[in-house]
Chemist: 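Take a look at this one; I'll ask things after.
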Amino acid sequence: LWQSRRAYARPWGDSVLLVLPGVLDPVATKVGAWLAEKAAAAASPGERWVDMGCGTGVVGIALARAGAQVTSIDIDPDAVRNARANAALHQVPLEVVESDLFAAVPGRRWDRVVYNVPFWPGDPAGKPFGRAMFAGAGFEAIRAFAAAWPAHADEAWVVLSEYGGDFAGARAALGPGRTIAREKVGGEWLTLVSLGPGARSG
């Protein structure tokens with residue numbers, strides 16, 4: 001369901017997404033498509049957003065359709081190629097950058113960063129979709145993002161799933177924040193957390 005050796009087109013709303021080998025299908029896995037819907041509904045024209053861990057580019061494309069100015073970032077070169085291809089397919093302006101978090105965009109700042117974080121505990125090395133799914137034994141990938149994002153955005157939105165992992169551990173690794181959406185999607189509970197100045201635990 002999640003992995004294919006060949007590129008394919010995945011139906012998405014009134015259009016399709018190209019999914020390249022090695023890149024998570026955001027519709028089959030539910031989380032990415034759900035996050036795209038939530039982010040686009042909140043975006044205002046001209047707002048500057050970062051789609052961190054962009055994968056196929058689904059969130060960035062939804063934001064760009066809503067009129068936001070979007071930078072999509074991923075550490076995986078296959079994901080970067082995939083997001084660029086989908087931006088061209090959907091004819092939306094999308095800046096796509098290969099980077100480990102914000103390393104390749106020093107000094108830049110946006111209004112909001114949105115991230116479908118790797119939320120399973122464990123070492124990503126050698127696993128299919130390792131960096132997209134596994135955050136390290138102590139959720140190091142989540143902790144690194146939580147430490148880095150305040151220098152680059154006014155607010156961060158992070159989605160977590162309760163499917164097959166340690167939700168409480170992943171949530172704790174994010175630090176203080178508030179739940180702004182929680183919904184059961186196809187039998188999987190998804191939680192959207194807002195991080196920012198004055199955010200309270202939630």
Side-chain angles (χ1 to χ4, degrees), residues 17 20 23-24 26 31-119 124 130-133 135-136 139-160 170 173-178 180-181 192-199:
L17 282 171
L20 296 184
V23 181
L24 272 176
V31 186
W34 184 82
L35 181 58
E37 177 185 339
K38 297 298 182 186
S44 298
E47 277 187 334
R48 298 163 300 149
W49 286 66
V50 175
D51 171 22
M52 184 62 68
C54 66
T56 60
V58 63
V59 175
I61 290 166
L63 285 166
R65 283 176 159 184
Q69 299 176 25
V70 187
T71 301
S72 293
I73 295 176
D74 206 293
I75 193 172
D76 183 352
D78 290 334
V80 169
R81 285 192 290 272
N82 204 158
R84 287 175 178 160
N86 276 319
L89 177 66
H90 288 263
Q91 298 183 318
V92 295
L94 203 65
E95 177 189 23
V96 186
V97 179
E98 183 180 337
S99 180
D100 183 357
L101 296 178
F102 300 95
V105 287
R108 292 182 59 182
R109 191 169 183 88
W110 294 264
D111 297 311
R112 187 177 287 156
V113 54
V114 59
Y115 193 11
N116 178 7
V117 297
F119 46 73
R131 288 181 296 197
M133 302 294 292
F139 296 103
E140 289 82 4
I142 294 178
R143 296 181 192 281
F145 171 76
W149 78 262
H152 298 277
D154 298 330
E155 184 181 11
W157 280 15
V158 177
V159 63
L160 296 171
L174 279 176
R178 59 188 178 90
I180 55 176
L192 186 58
V193 179
S194 170
L195 311 174

Chemist: List in chain and number order the residues that pass side-chain hydrogen bond (donor to acceptor under 3.5 Å, both in side chains) with R84, two or more places apart in sequence or in another chain; answer none if no residue qualifies.
Modeler: none

Chemist: Does the side chain of V158 come within less than 4.5 Å of L192's, by heavy atoms?
Modeler: no

Chemist: Got a sec, which residues hit salt bridge (charged side-chain N to carboxylate O under 4.0 Å, His left out) with D100, two or more places apart in sequence or on another chain?
Modeler: none

Chemist: How would you list, by chain and number, every residue that makes a side chain to side chain contact (heavy atoms under 4.5 Å, CB included) with L89, sequence neighbours excluded?
Modeler: V16, N86

Chemist: For residues 36-55, which residue pairs pass the ring pair (Phe, Tyr, Trp, His ring centres under 6.0 Å) check, not counting sequence neighbours?
Modeler: W49-W157

Chemist: Between F145 and F102, how do the two ring planes meet: parallel, tilted or perpendicular, split at 30° and 60°?
Modeler: parallel

Chemist: So, using side-chain hydrogen bond (donor to acceptor under 3.5 Å, both in side chains) as the criterion, who are the partners of R143 when residues are at least two apart?
Modeler: none

Chemist: For the residue pair L101 and M52, establish whether any side-chain heavy-atom pair is separated by less than 4.5 Å.
Modeler: yes

Chemist: Going by the rule side-chain hydrogen bond (donor to acceptor under 3.5 Å, both in side chains), which residues pair with E140 if we only count those two or more places apart in sequence or in a different chain?
Modeler: none

Chemist: For the residue pair V92 and R65, establish whether any side-chain heavy-atom pair is separated by less than 4.5 Å.
Modeler: yes

Chemist: Which heavy-atom pair separates A104 from E98 by the least distance, and what is that distance?
Modeler: CB-O, 3.7 Å

Chemist: Is there a side-chain contact between L174 and L195 (heavy atoms, below 4.5 Å)?
Modeler: yes

Chemist: Is it the case that the side chains of E155 and S194 hold a donor-acceptor pair, with the cut-off being a distance below 3.5 Å and no angle test?
Modeler: yes

